[in-house]
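One structure is given here, and the rest of the page talks about it.
Chain letters run A, B, ... following the sequence lines, proteins first and then strands; every chain starts at 1.
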Number of protein chains: 2
Amino acid sequence: MFMRIDHIGIACHDLEEKISLFSSTFDLTVVAREVNEEQGVKEAMLHVADGEGGGSYIQLLEPLSPDSPVGRFLAKRGEGVHHVAFGVPDVERAMAEIGGKGVRLLDERPRHGSMGSQIAFLHPKDVGGMLTELVQAPTP
Amino acid sequence: MFMRIDHIGIACHDLEEKISLFSSTFDLTVVAREVNEEQGVKEAMLHVADGEGGGSYIQLLEPLSPDSPVGRFLAKRGEGVHHVAFGVPDVERAMAEIGGKGVRLLDERPRHGSMGSQIAFLHPKDVGGMLTELVQAPTP
């Protein structure tokens, strides 16, 4: 079902500061920047490696407002890992398969993720406290 | 510097329960089980994918006692992502390079990680609140 660890989503207060920190500390390159109004974040993807069906990234997330999901996460837990995303070949099929095993899906249908991907989130309480994202990379 | 996202370390109260959950929900296979007395954990590695210089895994961690690092993490934050590990070709060289940029290392020299790897941890406060592990896989 999983083809790769697609990305680690890290919540931060200051996107530009953390882009500078991660790119200089680990020699990582920013390959995309986006504002996702639906999710209430501005974000950057830093490329770690290439994998089957897509790459692996560190995703830095700054909330657009304090009452967005990432804004509330920051207020409660501070900066750090917000979610983990796994690459799947077909996000709708993965949602059906995982949902059929009793794991709650936070999305009824796939929505738009970073860099043209299709994504869906799983309820963290059903998967060991880890907010889990499924990612289907766009067809090349 | 990074060759892959090596693993996501997830702290849990009951290793066997979570092995069952993750392997059945995501069709993952346990490839190693270990007790690491030095780190105060028993653990399992579930294989996600193969990558450059080593694989990618979900690592499930159950503390051996409440006063171990993972035990204290669970008491404070509950189950969830404990750390993220990145594969490097040479852990000593990566430690020197990263330490030279002002990031605090939690280990003065590499120690034994899962499946024969050499590892070192970075101070989470210096890398965006993410407890970060460097992993050099054993030579095949």
Side-chain angles (χ1 to χ4, degrees), chain A residues 1-14 17-19 21-22 24-28 46-53 55-58 60 74 76-88 94 97-103 122 124-132 134, chain B residues 1-14 17-19 21-22 24-28 46-53 55-58 60 74 76-88 94 97-103 122 124-132 134:
Chain A
M1 183 186 298
F2 288 165
M3 304 161 80
R4 63 189 181 281
I5 301 174
D6 187 275
H7 66 264
I8 316 296
I10 302 171
C12 66
H13 291 292
D14 184 332
E17 180 205 7
K18 287 301 185 299
I19 288 173
L21 174 71
F22 277 85
S24 67
T25 302
F26 301 130
D27 294 332
L28 298 173
L46 284 71
H47 180 259
V48 174
D50 292 314
E52 192 191 351
S56 289
Y57 305 90
I58 290 175
L60 299 172
L74 278 174
K76 187 176 175 190
R77 310 203 54 160
E79 294 188 325
V81 177
H82 175 261
H83 69 269
V84 177
F86 297 92
V88 296
E97 192 175 336
I98 292 166
K101 292 173 181 171
V103 170
L122 311 180
K125 291 204 174 159
D126 293 349
V127 280
M130 172 173 66
L131 179 56
T132 303
L134 308 173
Chain B
M1 182 185 299
F2 288 166
M3 304 162 79
R4 64 191 180 280
I5 302 175
D6 187 275
H7 66 263
I8 315 296
I10 302 172
C12 65
H13 292 292
D14 183 331
E17 179 205 9
K18 286 302 185 297
I19 288 173
L21 174 71
F22 277 85
S24 67
T25 302
F26 301 129
D27 294 333
L28 298 174
L46 283 72
H47 180 259
V48 174
D50 293 315
E52 193 191 351
S56 289
Y57 304 90
I58 289 175
L60 300 172
L74 277 174
K76 186 176 175 190
R77 310 203 54 160
E79 294 189 324
V81 177
H82 175 263
H83 68 270
V84 177
F86 297 92
V88 295
E97 193 175 337
I98 292 167
K101 292 173 181 171
V103 170
L122 310 181
K125 291 203 174 159
D126 293 349
V127 280
M130 172 173 66
L131 178 56
T132 302
L134 308 173

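A/Phe2 touches chain B through backbone and side chain together, each having a heavy atom under 4.5 Å away. Contact annotation for B/Leu122: only side-chain heavy atoms (C-beta onward) come within less than 4.5 Å of a heavy atom of chain A. For A/Phe86, the part lying under 4.5 angstrom from a heavy atom of chain B is the side chain only. Contact of A/Glu97 with chain B is made through the side chain alone, with heavy-atom distances under 4.5 Å. Residue A/Ile58 touches chain B through its side chain alone, counting heavy-atom pairs closer than 4.5 Å. Heavy atoms closer than 4.5 Å to chain A are found in both the backbone and the side chain of B/Val48. B/Asp50 does not touch chain A: none of its heavy atoms, backbone or side chain, sits under 4.5 Å away. For A/Leu28, the part lying under 4.5 angstrom from a heavy atom of chain B is the side chain only.
When each of A/Cys12, A/Gly102, A/Gly129 is scored by its heavy-atom pairs under 4.5 Å with chain B, the top score falls to A/Gly129. Taking A/Arg77, A/Lys18, A/His13, A/Met1 one by one and counting their heavy-atom pairs under 4.5 Å with chain B, the maximum is reached by A/Arg77. The most heavy-atom pairs under 4.5 Å with chain B, out of A/Val103, A/Thr132, A/Val127, come from A/Val127. Taking A/Ile10, A/Asp126, A/Ile8 one by one and counting their heavy-atom pairs under 4.5 Å with chain B, the maximum is reached by A/Ile8. Counting heavy-atom pairs closer than 4.5 Å to chain B, the top residue among A/Lys101, A/Arg4, A/Glu17 is A/Lys101. Comparing B/Leu60, B/Leu131, B/Asp27 by heavy-atom pairs within less than 4.5 Å of chain A, the highest count is held by B/Asp27.
Taking B/Glu52 as the reference, B/Met3 meet the side chain to side chain contact (heavy atoms under 4.5 Å, CB included) condition, with sequence neighbours excluded.
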Working for side chain to side chain contact (heavy atoms under 4.5 Å, CB included), residues B/His83 and B/His7:
CA-CA 9 Å; B/His83 68 270; B/His7 66 263; 3.1 Å; yes
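Smallest separation of non-hydrogen atoms from B/Asp6 and B/Gly87: CB-N, 3.8 Å.
Using modelled atom types, one side-chain atom of A/Ser24 and one backbone atom of A/Leu21 make a donor-acceptor pair closer than 3.5 Å.
Annotation for A/Lys125: atom NZ does not count as buried by contact number, only 12 or fewer foreign heavy atoms lying within 6.0 Å.
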